[in-house]
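Since this is a predicted model, take the numbers as computed values, not measurements. In each ligand, atom 1 is the first atom listed, and ligand 1 is the first ligand listed.
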Amino acid sequence: MRSWSISVGRLGGVDVRIHLTFFILPLFMFWTEYAAHQGNANGPRDLAVVGIILACVAAHEFGHMFAARRFGMIPKAVILLPLTGVTLYYESRAEKPNPALPLWKREIRLALVGPLVNLALASLTAGVVMAAGHGSDLWKWPFLRVGNLPNSLVWANLYLAILNLLPAHPLDGGRILRSIFSRTMGASAATRRAVSISNAIAMVLIFGGLFSDNWLTMVGIVVFSAAQLEERALVFQWVLDNVRLEEVMLTDFATLSPADTLEDALEKAVHSLQDDFPVVRGSDMVGVISKQRILDALRAEGNGYVQAVMNKIFEISVRQDSLGSAFSKLTARSSSVIPIVEDQRLVGIVTLQNLMHSTALLAESRKLRRDEAET
Ligand SMILES: [Zn+2]
(Lines give C-alpha, C1' and ligand atoms only; values in the text may rest on other atoms or scores of the structure.)
Protein backbone atom coordinates (compact mmCIF):
# COMPACT_ATOMS: atom_id res chain seq x y z
CA MET A 1 0.00 0.00 0.00
CA ARG A 2 1.25 3.47 -0.81
CA SER A 3 1.68 5.54 2.30
CA TRP A 4 3.42 8.85 2.61
CA SER A 5 5.11 7.99 5.86
CA ILE A 6 8.11 5.99 7.01
CA SER A 7 8.32 3.81 10.07
CA VAL A 8 10.92 4.91 12.63
CA GLY A 9 10.31 2.27 15.27
CA ARG A 10 7.79 0.82 17.68
CA LEU A 11 6.76 2.11 21.07
CA GLY A 12 4.57 -0.01 23.33
CA GLY A 13 3.41 -2.07 20.34
CA VAL A 14 2.57 1.01 18.28
CA ASP A 15 4.16 1.66 14.92
CA VAL A 16 5.65 5.18 15.05
CA ARG A 17 5.82 6.79 11.61
CA ILE A 18 6.97 10.14 10.29
CA HIS A 19 4.95 11.65 7.47
CA LEU A 20 6.98 12.79 4.48
CA THR A 21 5.68 16.36 4.90
CA PHE A 22 7.81 16.44 8.05
CA PHE A 23 10.87 16.74 5.86
CA ILE A 24 9.55 20.01 4.45
CA LEU A 25 10.03 21.48 7.92
CA PRO A 26 13.87 21.56 8.00
CA LEU A 27 13.93 22.99 4.46
CA PHE A 28 11.35 25.54 5.45
CA MET A 29 13.22 26.50 8.65
CA PHE A 30 16.47 26.81 6.77
CA TRP A 31 14.83 28.97 4.11
CA THR A 32 13.10 31.37 6.55
CA GLU A 33 16.24 31.67 8.68
CA TYR A 34 18.33 32.20 5.60
CA ALA A 35 16.05 35.02 4.44
CA ALA A 36 15.95 36.55 7.93
CA HIS A 37 19.72 36.60 8.41
CA GLN A 38 20.85 37.49 4.91
CA GLY A 39 22.41 34.15 4.26
CA ASN A 40 23.62 33.29 7.77
CA ALA A 41 21.56 30.21 8.46
CA ASN A 42 22.74 27.84 11.16
CA GLY A 43 22.10 24.30 9.92
CA PRO A 44 22.65 22.28 13.14
CA ARG A 45 20.54 24.66 15.22
CA ASP A 46 17.77 24.62 12.62
CA LEU A 47 17.78 20.85 12.90
CA ALA A 48 17.66 21.13 16.70
CA VAL A 49 14.49 23.22 16.42
CA VAL A 50 13.01 20.66 14.03
CA GLY A 51 13.91 17.97 16.59
CA ILE A 52 12.18 19.99 19.33
CA ILE A 53 9.03 20.33 17.23
CA LEU A 54 9.08 16.59 16.41
CA ALA A 55 9.41 15.72 20.11
CA CYS A 56 6.55 18.06 21.06
CA VAL A 57 4.28 16.60 18.35
CA ALA A 58 5.19 13.10 19.55
CA ALA A 59 4.41 14.00 23.19
CA HIS A 60 1.07 15.45 22.06
CA GLU A 61 0.15 12.33 20.11
CA PHE A 62 1.27 9.94 22.86
CA GLY A 63 -1.02 11.88 25.19
CA HIS A 64 -3.96 11.05 22.89
CA MET A 65 -2.85 7.44 22.64
CA PHE A 66 -2.64 6.81 26.36
CA ALA A 67 -6.02 8.44 26.90
CA ALA A 68 -7.47 6.32 24.08
CA ARG A 69 -6.21 3.12 25.70
CA ARG A 70 -8.18 4.03 28.78
CA PHE A 71 -11.30 4.12 26.62
CA GLY A 72 -10.53 0.64 25.29
CA MET A 73 -9.18 1.75 21.92
CA ILE A 74 -6.05 -0.03 20.70
CA PRO A 75 -3.61 2.23 18.83
CA LYS A 76 -2.03 0.65 15.77
CA ALA A 77 0.15 3.42 14.38
CA VAL A 78 0.90 7.04 14.98
CA ILE A 79 1.88 9.30 12.08
CA LEU A 80 3.74 12.48 12.98
CA LEU A 81 3.16 15.48 10.74
CA PRO A 82 5.11 18.75 11.10
CA LEU A 83 2.64 20.37 13.49
CA THR A 84 0.23 17.66 14.50
CA GLY A 85 -0.20 13.90 14.30
CA VAL A 86 -2.74 11.26 13.37
CA THR A 87 -3.21 8.10 15.42
CA LEU A 88 -4.76 5.04 13.80
CA TYR A 89 -6.65 2.54 15.93
CA TYR A 90 -7.52 -1.12 15.52
CA GLU A 91 -10.86 -0.75 17.07
CA SER A 92 -13.77 1.41 16.12
CA ARG A 93 -14.63 4.28 18.42
CA ALA A 94 -18.20 3.08 18.39
CA GLU A 95 -17.47 -0.56 19.10
CA LYS A 96 -17.05 -0.33 22.85
CA PRO A 97 -19.73 2.03 24.07
CA ASN A 98 -19.23 3.27 27.57
CA PRO A 99 -22.71 3.96 28.89
CA ALA A 100 -21.35 6.21 31.63
CA LEU A 101 -19.93 8.58 29.05
CA PRO A 102 -21.63 9.40 25.71
CA LEU A 103 -19.47 9.08 22.61
CA TRP A 104 -19.36 12.81 21.88
CA LYS A 105 -18.14 13.62 25.39
CA ARG A 106 -15.51 10.93 25.17
CA GLU A 107 -14.27 12.35 21.86
CA ILE A 108 -14.03 15.84 23.33
CA ARG A 109 -11.99 14.54 26.26
CA LEU A 110 -9.74 12.57 23.94
CA ALA A 111 -9.21 15.64 21.76
CA LEU A 112 -8.34 17.88 24.72
CA VAL A 113 -5.60 15.59 26.04
CA GLY A 114 -3.12 16.46 23.25
CA PRO A 115 -3.18 20.25 23.69
CA LEU A 116 -3.15 19.77 27.48
CA VAL A 117 0.08 17.75 27.23
CA ASN A 118 1.68 20.62 25.26
CA LEU A 119 0.42 23.21 27.76
CA ALA A 120 1.84 21.18 30.64
CA LEU A 121 5.21 20.84 28.90
CA ALA A 122 5.21 24.58 28.10
CA SER A 123 4.59 25.52 31.74
CA LEU A 124 7.19 23.06 32.93
CA THR A 125 9.92 24.33 30.60
CA ALA A 126 8.91 27.97 31.20
CA GLY A 127 9.32 27.24 34.93
CA VAL A 128 12.81 25.87 34.32
CA VAL A 129 13.78 28.86 32.13
CA MET A 130 12.54 31.29 34.81
CA ALA A 131 14.26 29.38 37.61
CA ALA A 132 17.49 29.69 35.62
CA GLY A 133 17.00 33.47 35.65
CA HIS A 134 16.16 33.87 31.96
CA GLY A 135 12.47 34.65 32.42
CA SER A 136 12.64 37.98 30.60
CA ASP A 137 14.01 36.25 27.46
CA LEU A 138 10.75 34.36 27.11
CA TRP A 139 8.96 37.38 25.64
CA LYS A 140 11.60 38.33 23.08
CA TRP A 141 10.28 38.24 19.52
CA PRO A 142 10.44 35.99 17.52
CA PHE A 143 9.41 33.45 20.14
CA LEU A 144 10.50 30.42 18.18
CA ARG A 145 14.07 31.04 17.12
CA VAL A 146 17.12 28.93 16.60
CA GLY A 147 19.25 31.25 18.74
CA ASN A 148 17.49 30.21 21.94
CA LEU A 149 16.57 26.56 22.16
CA PRO A 150 15.02 26.53 25.69
CA ASN A 151 12.68 29.35 24.62
CA SER A 152 11.88 27.45 21.45
CA LEU A 153 10.86 24.47 23.58
CA VAL A 154 8.41 26.62 25.57
CA TRP A 155 6.95 28.30 22.51
CA ALA A 156 6.84 25.23 20.29
CA ASN A 157 4.59 23.64 22.89
CA LEU A 158 2.42 26.73 23.22
CA TYR A 159 2.09 27.08 19.45
CA LEU A 160 1.20 23.40 19.08
CA ALA A 161 -1.45 23.65 21.79
CA ILE A 162 -3.04 26.71 20.14
CA LEU A 163 -2.71 25.39 16.61
CA ASN A 164 -4.29 22.06 17.43
CA LEU A 165 -7.26 23.84 18.96
CA LEU A 166 -8.07 25.48 15.60
CA PRO A 167 -11.54 24.28 14.59
CA ALA A 168 -10.09 22.57 11.50
CA HIS A 169 -10.80 18.88 11.34
CA PRO A 170 -8.83 16.62 11.96
CA LEU A 171 -7.00 18.95 14.36
CA ASP A 172 -8.28 18.56 17.92
CA GLY A 173 -10.38 21.73 17.74
CA GLY A 174 -12.06 20.35 14.62
CA ARG A 175 -12.74 17.04 16.36
CA ILE A 176 -14.37 18.89 19.22
CA LEU A 177 -16.50 20.81 16.72
CA ARG A 178 -17.51 17.57 15.00
CA SER A 179 -18.44 15.98 18.32
CA ILE A 180 -20.66 18.96 19.08
CA PHE A 181 -22.30 18.69 15.61
CA SER A 182 -22.81 14.96 16.10
CA ARG A 183 -25.17 15.66 19.00
CA THR A 184 -27.76 16.99 16.57
CA MET A 185 -26.94 15.18 13.29
CA GLY A 186 -25.60 11.86 12.04
CA ALA A 187 -21.90 11.06 12.41
CA SER A 188 -21.09 11.33 8.69
CA ALA A 189 -23.02 14.60 8.27
CA ALA A 190 -21.17 15.99 11.29
CA THR A 191 -17.83 14.94 9.78
CA ARG A 192 -18.72 16.46 6.39
CA ARG A 193 -19.64 19.78 7.98
CA ALA A 194 -16.47 19.82 10.10
CA VAL A 195 -14.38 18.99 7.01
CA SER A 196 -15.88 21.80 4.91
CA ILE A 197 -15.14 24.29 7.69
CA SER A 198 -11.63 22.85 7.86
CA ASN A 199 -11.08 23.24 4.11
CA ALA A 200 -12.15 26.89 4.29
CA ILE A 201 -9.73 27.50 7.17
CA ALA A 202 -6.88 25.75 5.32
CA MET A 203 -7.51 27.91 2.23
CA VAL A 204 -7.49 31.12 4.26
CA LEU A 205 -4.26 30.03 5.99
CA ILE A 206 -2.48 29.05 2.78
CA PHE A 207 -3.35 32.20 0.87
CA GLY A 208 -3.21 34.53 3.87
CA GLY A 209 0.24 33.12 4.65
CA LEU A 210 1.54 33.94 1.18
CA PHE A 211 0.95 37.63 1.88
CA SER A 212 1.96 37.69 5.55
CA ASP A 213 3.76 34.96 7.48
CA ASN A 214 4.88 31.86 5.60
CA TRP A 215 4.29 29.78 8.70
CA LEU A 216 0.55 30.19 8.14
CA THR A 217 0.89 28.65 4.67
CA MET A 218 2.75 25.78 6.27
CA VAL A 219 -0.07 25.30 8.80
CA GLY A 220 -2.65 25.32 5.97
CA ILE A 221 -0.74 22.63 4.08
CA VAL A 222 -0.50 20.50 7.23
CA VAL A 223 -4.25 20.81 7.82
CA PHE A 224 -4.86 19.58 4.26
CA SER A 225 -2.45 16.63 4.62
CA ALA A 226 -3.89 15.66 7.99
CA ALA A 227 -7.43 15.74 6.56
CA GLN A 228 -6.34 13.43 3.77
CA LEU A 229 -4.71 11.01 6.21
CA GLU A 230 -7.77 11.05 8.40
CA GLU A 231 -10.01 10.22 5.47
CA ARG A 232 -7.77 7.28 4.65
CA ALA A 233 -8.04 6.14 8.26
CA LEU A 234 -11.84 6.39 8.06
CA VAL A 235 -11.91 4.11 5.00
CA PHE A 236 -9.72 1.68 6.90
CA GLN A 237 -12.01 1.87 9.89
CA TRP A 238 -15.00 1.21 7.63
CA VAL A 239 -13.33 -1.96 6.38
CA LEU A 240 -12.47 -3.08 9.92
CA ASP A 241 -16.04 -2.55 11.10
CA ASN A 242 -17.97 -3.84 8.11
CA VAL A 243 -16.01 -6.64 6.51
CA ARG A 244 -16.75 -10.08 7.98
CA LEU A 245 -14.06 -12.67 8.62
CA GLU A 246 -15.69 -15.12 6.18
CA GLU A 247 -14.84 -12.70 3.37
CA VAL A 248 -11.10 -12.84 4.03
CA MET A 249 -10.43 -16.06 5.95
CA LEU A 250 -8.08 -18.65 4.51
CA THR A 251 -9.97 -21.86 3.77
CA ASP A 252 -7.12 -23.70 2.14
CA PHE A 253 -4.56 -24.03 4.89
CA ALA A 254 -2.16 -26.51 6.42
CA THR A 255 -2.65 -27.91 9.91
CA LEU A 256 -0.33 -29.75 12.25
CA SER A 257 -1.03 -32.55 14.68
CA PRO A 258 0.06 -32.41 18.35
CA ALA A 259 1.79 -35.75 17.76
CA ASP A 260 3.94 -34.34 14.94
CA THR A 261 7.59 -33.98 15.79
CA LEU A 262 9.06 -30.51 15.44
CA GLU A 263 11.19 -31.70 12.53
CA ASP A 264 8.08 -33.02 10.72
CA ALA A 265 6.33 -29.75 11.48
CA LEU A 266 9.20 -27.75 10.05
CA GLU A 267 9.18 -29.94 6.96
CA LYS A 268 5.46 -29.18 6.48
CA ALA A 269 6.00 -25.51 7.17
CA VAL A 270 8.66 -25.29 4.49
CA HIS A 271 6.05 -26.32 1.92
CA SER A 272 3.53 -23.72 3.02
CA LEU A 273 3.25 -19.94 2.71
CA GLN A 274 1.65 -19.86 6.14
CA ASP A 275 3.60 -18.53 9.11
CA ASP A 276 1.14 -19.85 11.66
CA PHE A 277 -0.56 -23.21 11.97
CA PRO A 278 -3.59 -24.50 13.82
CA VAL A 279 -2.84 -27.73 15.68
CA VAL A 280 -5.68 -30.20 15.22
CA ARG A 281 -6.45 -33.53 16.86
CA GLY A 282 -9.22 -35.33 14.96
CA SER A 283 -11.72 -32.54 14.40
CA ASP A 284 -10.71 -30.63 17.55
CA MET A 285 -8.55 -27.60 17.48
CA VAL A 286 -6.11 -27.95 20.37
CA GLY A 287 -3.51 -25.22 19.85
CA VAL A 288 -1.67 -22.87 17.54
CA ILE A 289 1.99 -22.67 16.65
CA SER A 290 4.13 -20.41 14.48
CA LYS A 291 6.96 -21.29 12.15
CA GLN A 292 9.23 -19.14 14.32
CA ARG A 293 8.22 -20.98 17.49
CA ILE A 294 9.00 -24.33 15.84
CA LEU A 295 12.43 -23.06 14.81
CA ASP A 296 13.17 -21.54 18.23
CA ALA A 297 12.19 -24.76 20.03
CA LEU A 298 14.28 -26.89 17.68
CA ARG A 299 17.25 -24.62 18.23
CA ALA A 300 16.88 -24.49 22.02
CA GLU A 301 15.83 -28.02 22.93
CA GLY A 302 16.33 -30.13 19.82
CA ASN A 303 13.60 -32.30 18.38
CA GLY A 304 10.42 -32.74 20.41
CA TYR A 305 6.68 -32.82 19.88
CA VAL A 306 4.40 -30.02 18.69
CA GLN A 307 2.19 -30.80 21.70
CA ALA A 308 4.87 -29.59 24.10
CA VAL A 309 5.59 -26.21 22.54
CA MET A 310 2.30 -25.18 20.94
CA ASN A 311 0.27 -22.34 22.36
CA LYS A 312 -2.74 -23.92 24.08
CA ILE A 313 -4.48 -20.69 24.92
CA PHE A 314 -5.98 -18.99 21.89
CA GLU A 315 -9.02 -17.04 20.84
CA ILE A 316 -11.56 -18.29 18.35
CA SER A 317 -13.90 -16.36 16.08
CA VAL A 318 -16.95 -17.09 13.98
CA ARG A 319 -17.54 -16.25 10.30
CA GLN A 320 -19.65 -13.18 11.06
CA ASP A 321 -17.10 -11.45 13.32
CA SER A 322 -15.65 -8.21 12.00
CA LEU A 323 -12.06 -7.76 10.88
CA GLY A 324 -11.65 -5.23 13.66
CA SER A 325 -12.62 -7.71 16.36
CA ALA A 326 -10.10 -10.23 15.01
CA PHE A 327 -7.38 -7.57 15.08
CA SER A 328 -8.07 -6.77 18.71
CA LYS A 329 -8.10 -10.45 19.66
CA LEU A 330 -4.74 -10.95 17.94
CA THR A 331 -3.14 -7.92 19.57
CA ALA A 332 -4.64 -8.57 23.00
CA ARG A 333 -3.07 -12.04 23.13
CA SER A 334 -0.14 -11.13 20.92
CA SER A 335 -0.90 -14.27 18.97
CA SER A 336 -0.74 -14.49 15.21
CA VAL A 337 -3.53 -16.82 14.12
CA ILE A 338 -7.24 -17.12 14.92
CA PRO A 339 -9.20 -20.23 14.03
CA ILE A 340 -12.70 -19.64 12.63
CA VAL A 341 -15.04 -22.19 14.10
CA GLU A 342 -18.53 -23.25 13.10
CA ASP A 343 -20.41 -25.93 15.06
CA GLN A 344 -17.12 -26.71 16.80
CA ARG A 345 -15.59 -27.44 13.43
CA LEU A 346 -12.57 -25.57 12.07
CA VAL A 347 -13.72 -23.89 8.84
CA GLY A 348 -10.92 -21.39 8.27
CA ILE A 349 -8.17 -19.34 9.82
CA VAL A 350 -7.13 -15.72 9.77
CA THR A 351 -3.55 -14.70 10.43
CA LEU A 352 -2.18 -11.26 11.24
CA GLN A 353 -0.36 -11.21 7.91
CA ASN A 354 -3.52 -12.22 6.02
CA LEU A 355 -5.65 -9.64 7.87
CA MET A 356 -3.22 -6.81 7.19
CA HIS A 357 -3.01 -7.63 3.49
CA SER A 358 -6.74 -7.96 3.02
CA THR A 359 -7.53 -4.82 5.02
CA ALA A 360 -5.13 -2.77 2.92
CA LEU A 361 -6.49 -4.26 -0.33
CA LEU A 362 -10.14 -3.79 0.63
CA ALA A 363 -9.52 -0.20 1.76
CA GLU A 364 -7.80 0.57 -1.51
CA SER A 365 -10.58 -0.98 -3.59
CA ARG A 366 -13.28 0.79 -1.60
CA LYS A 367 -11.50 4.10 -2.13
CA LEU A 368 -11.18 3.41 -5.86
CA ARG A 369 -14.84 2.50 -6.15
CA ARG A 370 -15.87 5.62 -4.25
CA ASP A 371 -13.61 7.88 -6.30
CA GLU A 372 -15.18 6.40 -9.45
CA ALA A 373 -18.66 7.00 -8.12
CA GLU A 374 -17.81 10.63 -7.44
CA THR A 375 -16.37 11.42 -10.88
ZN1 LIG B 1 -4.16 16.26 18.91
Side-chain angles (χ1 to χ4, degrees), residues 4-5 8 11-12 14-19 21-22 25 52-91 93 101 103-125 144 153-182 190-191 194-195 197-199 201-202 205 215 218-234 236-237:
W4 292 87
S5 58
V8 289
L11 192 93
V14 180
D15 186 18
V16 180
R17 311 184 69 91
I18 296 186
H19 196 254
T21 50
F22 211 101
L25 196 61
I52 285 177
I53 298 176
L54 181 63
C56 299
V57 172
H60 173 111
E61 223 45 46
F62 292 144
H64 285 305
M65 249 163 45
F66 287 114
R69 275 191 203 270
R70 289 200 51 204
F71 290 128
M73 293 156 67
I74 302 165
K76 175 173 58 174
V78 53
I79 303 169
L80 304 173
L81 282 94
L83 309 161
T84 184
V86 172
T87 304
L88 311 175
Y89 296 93
Y90 279 116
E91 205 154 333
R93 281 150 227 261
L101 202 60
L103 186 65
W104 67 273
K105 271 195 185 165
R106 198 168 38 154
E107 290 202 321
I108 291 179
R109 284 198 193 178
L110 253 183
L112 285 175
V113 174
L116 283 178
V117 167
N118 291 123
L119 284 179
L121 285 175
S123 345
L124 200 74
T125 43
L144 197 68
L153 190 55
V154 177
W155 284 99
N157 274 301
L158 275 179
Y159 280 140
L160 285 181
I162 296 167
L163 179 96
N164 278 282
L165 287 171
L166 278 179
H169 191 79
L171 299 183
D172 299 320
R175 287 182 201 278
I176 293 172
L177 198 65
R178 186 194 58 180
S179 308
I180 294 170
F181 289 154
S182 72
T191 307
V195 166
I197 293 175
S198 161
N199 286 344
I201 292 176
L205 287 172
W215 277 97
M218 177 87 187
V219 172
I221 293 171
V222 171
V223 169
F224 260 136
S225 323
Q228 212 202 339
L229 269 179
E230 175 81 3
E231 125 123 77
R232 209 190 168 81
L234 286 177
F236 240 86
Q237 197 59 62

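Using a 4.5 Å heavy-atom cutoff, the side chains of L153 and L121 are not in contact. Side-chain contact between I18 and L54 is present, with at least one heavy-atom pair separated by less than 4.5 Å. The side-chain heavy atoms of F66 and V117, taken from C-beta on, include no pair separated by under 4.5 Å.
Listed by first and then second residue, the side chain to side chain donor-acceptor pair (under 3.5 Å) pairs that reach into residues 53-73 are H60-H64, H60-N118, H60-D172, E61-T87, H64-D172, sequence neighbours excluded.
Around the Zn ion (ligand 1), protein atoms of type N, O or S found under 2.8 Å number 4.
Qualifying side chain to side chain contact (heavy atoms under 4.5 Å, CB included) partners for V222, counting only residues two or more places apart in sequence or in other chains: L81, P82, L83, T84. With sequence neighbours excluded, the residues forming a side chain to side chain contact (heavy atoms under 4.5 Å, CB included) with L166 are L163, L171, L205, V219, listed by chain and number.
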